[in-house]
Amino acid sequence: MQKVTAKTLSGKAASLLNAGEVKYVLGWKKGEFDYDITPALFESAEELEKDFVWNDFSCANLSKYLIKYTRSLSGKILVFLKPCDTFSFNQLLTEHRIDRQKVYAVGVPCSGMADEKKIRENADGITAISETEEGYLVHTLYSDAPAFISKEEALLEKCLSCKGWAHIALDEQIEGEVFAPSADRFDQVKALENMTPDERYHFWQNELSRCIRCNACRDVCPACTCEKCVFDNPNSGVENKAAANSFEEKMFHIIRAFHVAGRCTDCGECSRVCPQKIPLHLLNRKFINDIDSFYGEYQAGLDEGSRAPLVDYDTGDLEPSQVFDWRDGQNA
Amino acid sequence: MRKLSLENLNLAFASIAAKYPLYLPQDNSAGDAEYKKWEQGAKWSDKTNTVKSPKDFFFPQTEDLMAFQVSGKSIDIIDTRKESEDFVVFGVRACDVKSFEVLDNVFLTEPADSYYASRREHGIIVSVACTRPLETCFCKAFSIDPSEPAGDVSCYKTDDSLYLSANTEKGEALLAVISEYTEEADDAAVSKQKESINKIMDRLPLASLTPASFGGGKTKEFFDAPEWKSLSEACLGCGTCTFVCPTCQCYDIKDFKTGSGVIRYRCWDSCMYSEFTKMSAGQPRTSQLERFRQRFMHKLVYYPENNNGLFSCVGCGRCLSRCPIHMNIVKVMKALGGKKDE
Amino acid sequence: MPVNGYKPLIVAFCCNWCSYAGADLAGNNRLNYPADVKIIRVPCSCRVNPMFVLRAFQRGADGVIICGCHPGDCHYTSGNYFTRRRMALLFSMLDYLGIERERTRVEWVSAAEGAKFAATMNDFAETVASLGENKRLEDLRCKK
Amino acid sequence: MNNRAETLIPKIGVITDIRIDTPDVKTFRVLTPDGKKVFDHKPGQCAMLSIPGVGEAMFSITSSPTNLEYMEFSIKKCGCVTEWLHQAEVGQAVTIRGPYGRPFPVDDEFAGKDLLFIAGGIGLAPLRSVINYCRYYPKRYGKIDIVYGSRSMSDLVDYKEIVDEWVNDENVNVHLTIDREQEGWTGHVGFVPNYVKELAFDTNKTAVLCGPPIMIKFTLEGLSALGFDKTQIYTTMELRMKCGIGKCGRCNIGSKYVCKDGPVFRMDELDELPDEY
C-alpha cells in the first residue's frame with residue numbers, strides 16, 4: 001500500500017491544472033480491474049477525479065512518453081515520477097530527448113510496486129485486490145475468503161533491489177517515506193556467472209526460447225529512443241518479428257541489451273512487460289555489473305550530462321583478453 | 001460418451017503419442033502454460049489458458065515457404081514443403097477452437113492457403129471444457145460456450161475422470177487408439193459440470209459485455225470516433241496483443257539469404273508495427289492511433305463485414321493479461337460500444 | 001591446424017592501418033597461417049559493431065578475432081580504445097550466455113608485426129579447433 | 001500436395017527486353033524461359049514480381065491482354081525491388097505470380113461508353129493496359145480521350161507509343177501536358193487537373209483516373225465541377241502488399257483489400273471506405 005494517497009497526487013495536479021501552471025497531467029488511469037492500469041494523459045480536474053489512480057499497480061515508468069508528448073503538445077506537462085523513474089527521466093534529459101522546459105516533474109515517494117503476474121500465479125479469476133499494510137487480499141471467483149499474499153512475495157522484481165534512495169531532477173517533490181532497498185541487484189548475475197558455461201547456456205536457451213519477438217521490451221524501454229530502430233530496418237538483415245530460431249533470439253536480446261548498455265538505468269520495465277516472463281533485466285544488469293567492475297561504478301541517469309561508459313575510455317582499460325581472469329579473481 | 005480414469009491418463013497419452021505427435025499444455029519454468037510435445041512424465045497444465053494460442057500449430061510464427069537457388073541471371077525455385085503427418089493438439093479451450101473457424105475463413109477461402117490447409121487437415125483437436133474461467137474471459141460475448149467446446153473430440157475433466165466424446169471421424173479414430181483405457185459412461189457427471197460452468201459464467205466480471213453495437217457496415221459510425229485518441233495514446237506499438245491473439249492472422253513474407261541460397265519464409269506480422277504498411281511511395285497509417293484503430297476495427301467491423309457477422313475475437317482474454325500497458329479490446333468495446341445506450 | 005581433420009573457419013576483422021598491413025607483411029615474409037582465416041578489412045577496429053561478430057558466427061564462423069592498432073597508435077587517435085571497451089563487454093556477455101569464451105579474441109597487431117599476426121592466427125585457430133564446431137551461435141539455415 | 005493451386009509459389013519469368021522510358025522509368029518485357037506468355041490477365045490486374053533475396057512487390061501489368069506474345073511492366077525506380085530491377089540486364093530471371101485483383105469493368109460498365117483516361121506521371125502505367133485493350137476493340141467502345149501529364153517532356157512514359165500509335169488512332173484524342181514550359185515542347189503546359197477543366201469534357205463519358213494522390217484529388221474536384229457523377233469515375237489504387245490474395249492483412253482500406261477487391265475502385269465505392277490511403 002502506498003503511503004501517499006491518490007487524492008494527494010490528483011489534488012496537487014488538479015490545482016496546478018486549474019491555476020494554469022500546467023496544461024496536461026501524465027499519470028496512471030484505472031482500468032477494468034484493480035490491477036490493469038494504463039498510462040494516460042489527463043486534461044482536466046474532472047478527468048483526474050474520475051480516473052486517476054495511484055496504487056501498488058502504478059508500475060509504469062512514464063518518462064518515455066515525455067519524448068512523444070513534449071514534441072506533439074504545446075503547453076506544460078505535469079508528470080508523476082517514482083524515484084526509480086527519475087533516473088530514466090534524467091538520462092533522457094542527458095541525451096536531449098526531452099524538452100525540459102515543457103515538463104513539470106513531480107516526484108512521488110513510492111512504497112514498492114506489486115507484480116500482477118506474481119499475484120496471478122496462484123490465483124485464478126481475480127475479482128478484486130485490496131491493499132493492506134502488509135500485503136494484498138486477493139478475492140477470486142473460486143474461493144469465498146480472499147487469499148493473502150504478502151507485500152514481499154508480490155513485490156515487483158525491480159523493487160527487490162530498489163535504487164530509489166533519492167529523487168533527482170525534479171520541479172517538486174511530494175513528501176513521504178521512500179521504500180528501503182534490500183537485496184543486492186547483482187545477486188542473480190553473480191549466481192549465473194558462477195554456473196558452468198553449459199548451465200548458463202541451457203538457462204538462457206530455455207528463457208530465450210519463449211521469446212515471441214513482440215518487441216515489447218524494446219518499445220517500453222526508456223533508453224530505446226532511436227528514431228529508427230536497427231531491428232526495423234529491412235536492410236539490416238535482422239529479424240524484427242520472426243521467432244526464426246535460437247540464433248535470432250540470442251542476436252536480438254544481446255544487441256537490444258548492448259544498445260542500451262551504459263545508458264540503461266535498470267528501471268526493469270523490460271522484464272515487467274515481457275509477456276513470456278523472460279528475465280531480461282539479467283542481461284542489462286550483466287552489462288551494468290561489468291561496467292561497474294571494469295570501469296568504475298556508474299549509474300546511468302544519476303548525473304545529468306555525465307558521459308556514458310561506452311562513449312568514453314581510459315588508456316589503462318582492461319584488455320578483453322583479461323576480462324575473464326580478472327573477474328574470476330574478483331568473484332573468488 | 002467415454003470415461004477415462006485420470007489414473008490412466010498418462011497411459012492414454014502414451015498410446016496416442018505412440019501413434020501421433022501429441023501436443024499438450026504444460027507448465028513452463030516461468031509458471032505459465034505452453035503447448036509442448038508430450039513426453040513420458042509430462043504433466044497436463046491446470047492453467048485455464050496458454051500464453052501463446054494454438055494457432056501456432058496451423059499458422060506458425062515462422063515457416064519456410066520455398067527456397068531459391070540463384071546463379072548468374074537464372075533462378076531455380078525449390079519447393080521445400082514436406083508432407084505433413086497427422087498430429088494431436090490436446091486440451092484446447094472452446095475459445096481457441098472457435099478461433100480456428102475465424103482463421104479458416106481467411107486461409108481456406110479461395111484461393112486457399114495450402115500450407116495452412118494441409119496442417120488443418122492433419123490436425124486432430126481435442127478440446128476441453130473450462131472449469132475455471134478467469135476474470136479476463138469474455139467468450140460468452142461472442143456466443144462461445146466454454147461448457148460445449150467443439151473440436152474433433154470434446155472432453156470434460158472432473159476430479160477423477162476425463163469424459164470424452166468424438167465429434168468427427170478423426171475424433172472417433174483417436175478415441176479408438178485409447179479405447180482400452182476408456183469405458184462407456186452416461187453424461188450425468190458432464191451435465192453437472194456444464195451446469196456449474198454456466199453458473200460461473202454468469203458471475204464473471206465481464207459477463208455482460210456485448211459486441212452488439214459493432215458489426216459489418218459500421219465503419220462510418222466508429223472510424224472517426226474521438227475515443228480512439230485516448231484509447232491509443234499509451235499504446236507502445238509492440239506486437240504482444242497480436243502475437244498472443246488466437247485470431248490475428250496478418251503475416252509478412254520475407255527472404256533470408258543463407259549464403260548459398262535464399263529461403264522465402266512467412267512470419268507473423270502486426271498491424272501495430274509502424275512498418276506494416278510502409279511503402280517507398282508513402283505510409284497510409286502514419287500514427288499509432290491509425291494502427292491501433294485498424295486492429296480493433298478489423299476485429300469488430302471489417303472482419304464481420306466480410307464473414308457474415310462473425311467477429312474476429314473469441315474472448316480468450318490473453319490480451320487483457322499480457323498487454324504491457326493494459327489496453328485491450330474490452331476497454332475499446334466499452335468505450336466505443338457503450339455510447340449508444342446512453 | 002586441423003584437429004582430427006576438422007578445420008575451423010575463422011573470421012578476422014583487421015583494421016586497415018595496422019593489422020591488415022601486418023597480415024600483408026606476414027604474407028610477404030611467407031609466414032604460414034591457416035588458409036581458413038578469412039580476413040575482413042575494416043577502416044578501424046572500432047568499425048566492428050557487435051552485430052558483425054554475431055553475424056559472422058551466424059554465417060558459419062567458428063571463431064572471430066578482431067585486430068587493430070596497439071592502444072595509443074590508432075590512426076584515428078582513439079578508435080581502438082572504444083573497441084576495447086565494446087568487445088570486453090560483448091565477449092563477457094557471450095560468455096554469460098554460455099558461449100565458449102575462447103571463440104572470441106581481440107589482438108593488437110601493428111603493421112610491422114607480420115610474425116605476430118601469423119603466430120596469433122595459428123594460436124587462435126588451434127584454440128578454436130580444439131573447441132570444435134560452433135554449435136551455440138549457429139544458424140541452421142546457413143548450414144547447407 | 002503439389003497438385004494444389006499454389007498461389008504463393010511463383011513462376012519463373014525472364015526479362016527479354018528493357019526499354020528506357022524516362023530517367024526513372026523503365027519498361028520490362030517478361031516471358032517464360034521458353035518464350036511464352038507467363039499467364040493471361042485482364043486490364044487493370046497486377047502481378048507480383050520478385051528477385052529472391054531482394055524482395056517481392058506488386059506491379060500493374062502495363063501491356064494489354066490483347067497482346068498474346070508477352071507481358072510488360074513499366075516500373076519507376078523508388079524502392080529496393082525497383083532499384084534492383086533498374087540495374088538488371090536482359091536475360092535476367094525474375095519470379096512472377098498473378099494475376100491479382102479486380103480488373104476494369106471493360107465488358108460491363110465500360111461497354112458502349114465514351115471513355116476518358118486521365119493520368120499523371122507513372123500513373124499511365126496501369127492505364128496503358130486498358131487503353132490499348134479498348135483501342136483493340138474500337139466497336140465495343142465510343143470515343144476515347146486521353147489526358148496525360150508529367151513533370152517534363154522526358155518524364156512522359158511510353159512517349160513513343162503515344163506519338164506513334166495513339167495520336168494516329170482516329171478513335172482516340174490525346175491531350176498531353178507538362179508542368180512547366182520546356183524547349184522543344186509545343187503542346188499544352190500546365191497541371192493535369194486544370195487542363196481537364198479547360199478541356200471541359202462532356203459528362204456522358206466514363207472517366208478513369210490514375211496518378212499521384214494530389215492530382216487525383218484536384219482532378220476529382222474538376223470533374224465534379226464539370227458535372228461528372230462519382231459513379232462515372234474509376235481509379236486504381238496501390239498499397240503495400242505481401243500476399244496478393246487478401247490474407248496477409250495490410251492493404252485494406254476499411255473492409256476492402258486493395259489486392260483482392262481492388263485495385264480498381266469506382267469513386268462512389270471509395271467514398272464508402274474510410275479515408276485511410
Side-chain angles (χ1 to χ4, degrees), chain A residues 189 192-193 195-205 207-208 230-231 236-238 244-255 257-259 261-262 282-291 293-295 309-327, chain C residues 45-46 49-60 64-66 68 70-74 77-108 120 123-124 127 131 134-143:
Chain A
V189 172
L192 272 163
E193 283 172 354
M195 287 180 184
T196 66
D198 283 352
E199 287 167 342
R200 285 199 293 271
Y201 179 73
H202 293 296
F203 172 83
W204 284 111
Q205 195 77 354
E207 294 294 340
L208 298 181
V230 63
F231 294 106
S236 69
V238 191
N245 58 25
S246 74
F247 175 84
E248 290 285 354
E249 281 150 10
K250 288 189 210 100
M251 171 92 152
F252 173 74
H253 288 290
I254 293 170
I255 299 299
F258 193 92
H259 281 185
L282 293 182
L283 293 173
N284 296 41
R285 281 184 182 171
K286 166 68 179 170
F287 279 130
I288 295 171
N289 191 31
D290 278 357
I291 288 170
S293 47
F294 300 165
Y295 312 120
L310 275 177
V311 290
D312 202 1
Y313 66 87
D314 188 277
T315 51
D317 279 343
L318 209 57
E319 287 293 334
S321 57
Q322 301 167 330
V323 161
F324 301 112
D325 291 341
W326 190 82
R327 200 198 54 221
Chain C
S45 58
C46 80
N49 173 326
M51 258 164 65
F52 290 9
V53 176
L54 298 180
R55 183 74 72 216
F57 283 117
Q58 178 188 28
R59 301 280 162 183
V64 175
I65 183 166
I66 293 145
H70 284 268
D73 291 342
C74 177
T77 317
S78 57
N80 51 8
Y81 287 127
F82 293 105
T83 311
R84 195 160 62 172
R85 281 202 170 185
R86 280 177 206 155
M87 294 306 147
L89 288 176
L90 177 68
F91 295 174
S92 176
M93 175 57 84
L94 291 177
D95 171 66
Y96 186 64
L97 292 177
I99 289 140
E100 304 91 336
R101 55 176 76 162
E102 297 85 357
R103 288 196 191 278
T104 47
R105 195 181 283 190
V106 170
E107 284 290 345
W108 312 121
T120 300
D123 178 62
F124 187 53
T127 309
L131 294 173
N134 156 38
K135 286 279 173 204
R136 297 191 167 178
L137 262 182
E138 72 178 351
D139 188 328
L140 287 173
R141 295 174 297 181
C142 298
K143 300 237 161 152

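Everything numeric here is computed off the predicted structure, so don't read it as measured data. Numbered from 1 within each chain, the chains take letters A, B, ... in sequence-line order.
Interatomic distance, C:Leu140 CG to A:Asn245 CG, rounded to the nearest 0.5 Å: 7.0 Å. Between the CG atom of C:Leu97 and the CD atom of A:Glu207 there is a distance of 11.5 Å, given to the nearest 0.5 Å. Separating the CG atom in A:Asp317 from the OG1 atom in C:Thr83 is a distance of 11.5 Å, to the nearest 0.5 Å. From A:Phe247, atom CZ reaches atom CG of C:Asn134 across 9.0 Å, with rounding to the nearest 0.5 Å.
When each of C:Arg136, C:Glu138, C:Gln58 is checked for heavy-atom pairs under 4.5 Å with chain A, C:Arg136 comes out on top. Residue with the most contacts toward chain C among A:Asp198, A:Val230, A:Ile291, A:Val323: A:Asp198 (heavy-atom pairs, distance under 4.5 Å). Between chain C and the options A:Asp314, A:Leu282, A:Asp312, the largest number of non-hydrogen pairs under 4.5 Å is found for A:Asp312.
At a 4.5 Å heavy-atom cutoff, the contact between C:Pro50 and chain A is made by backbone and side-chain atoms alike. Interface remark: A:Leu310 contributes backbone and side-chain atoms alike to the contact with chain C (heavy atom separation under 4.5 Å). No part of A:Phe203 comes within reach of chain C, as not one of its non-hydrogen atoms sits under 4.5 angstrom from that chain. Proximity to chain A (any heavy atom under 4.5 Å) is shown, for C:Leu90, by both the backbone and the side chain.
Contact detail for C:Arg85 and A:Pro309: the closest heavy-atom pair is NH1-O, 2.7 Å. Across all non-hydrogen atoms, the minimal contact from A:Phe258 to C:Arg86 is CE1-O, 3.7 Å. Counting all heavy atoms, side chain and backbone alike, A:Phe324 lies closest to C:Arg101 at CB-NH1, 3.1 Å. When all heavy atoms of C:Arg84 and A:Leu318 are compared, the closest pair comes out as CG-O, 3.5 Å. Between A:Ile255 and C:Met51, the closest heavy-atom pair is CD1-CG, 3.4 Å. Here the closest heavy-atom approach between residue C:Ala88 and residue A:Tyr295 is recorded as CB-OH, 3.6 Å.
A parallel orientation is assigned to the rings of C:Tyr81 and A:Tyr313, their planes being inclined by less than 30° (bins at 30° and 60°).
Contact annotation: the side chain of A:Pro320 never approaches that of C:Arg105 to less than 4.5 Å [non-hydrogen atoms, C-beta and beyond]. Residues A:Glu248 and C:Arg141 are in side-chain contact: their nearest non-hydrogen atoms beyond the backbone lie under 4.5 Å apart. Taking the side chain as every heavy atom from C-beta outward, A:Phe287 and C:Met93 approach each other to under 4.5 Å.
A cation-pi arrangement is absent between A:Arg200 and C:Tyr96 under the rule of less than 6.0 angstrom and at most 45 degrees off the ring axis.
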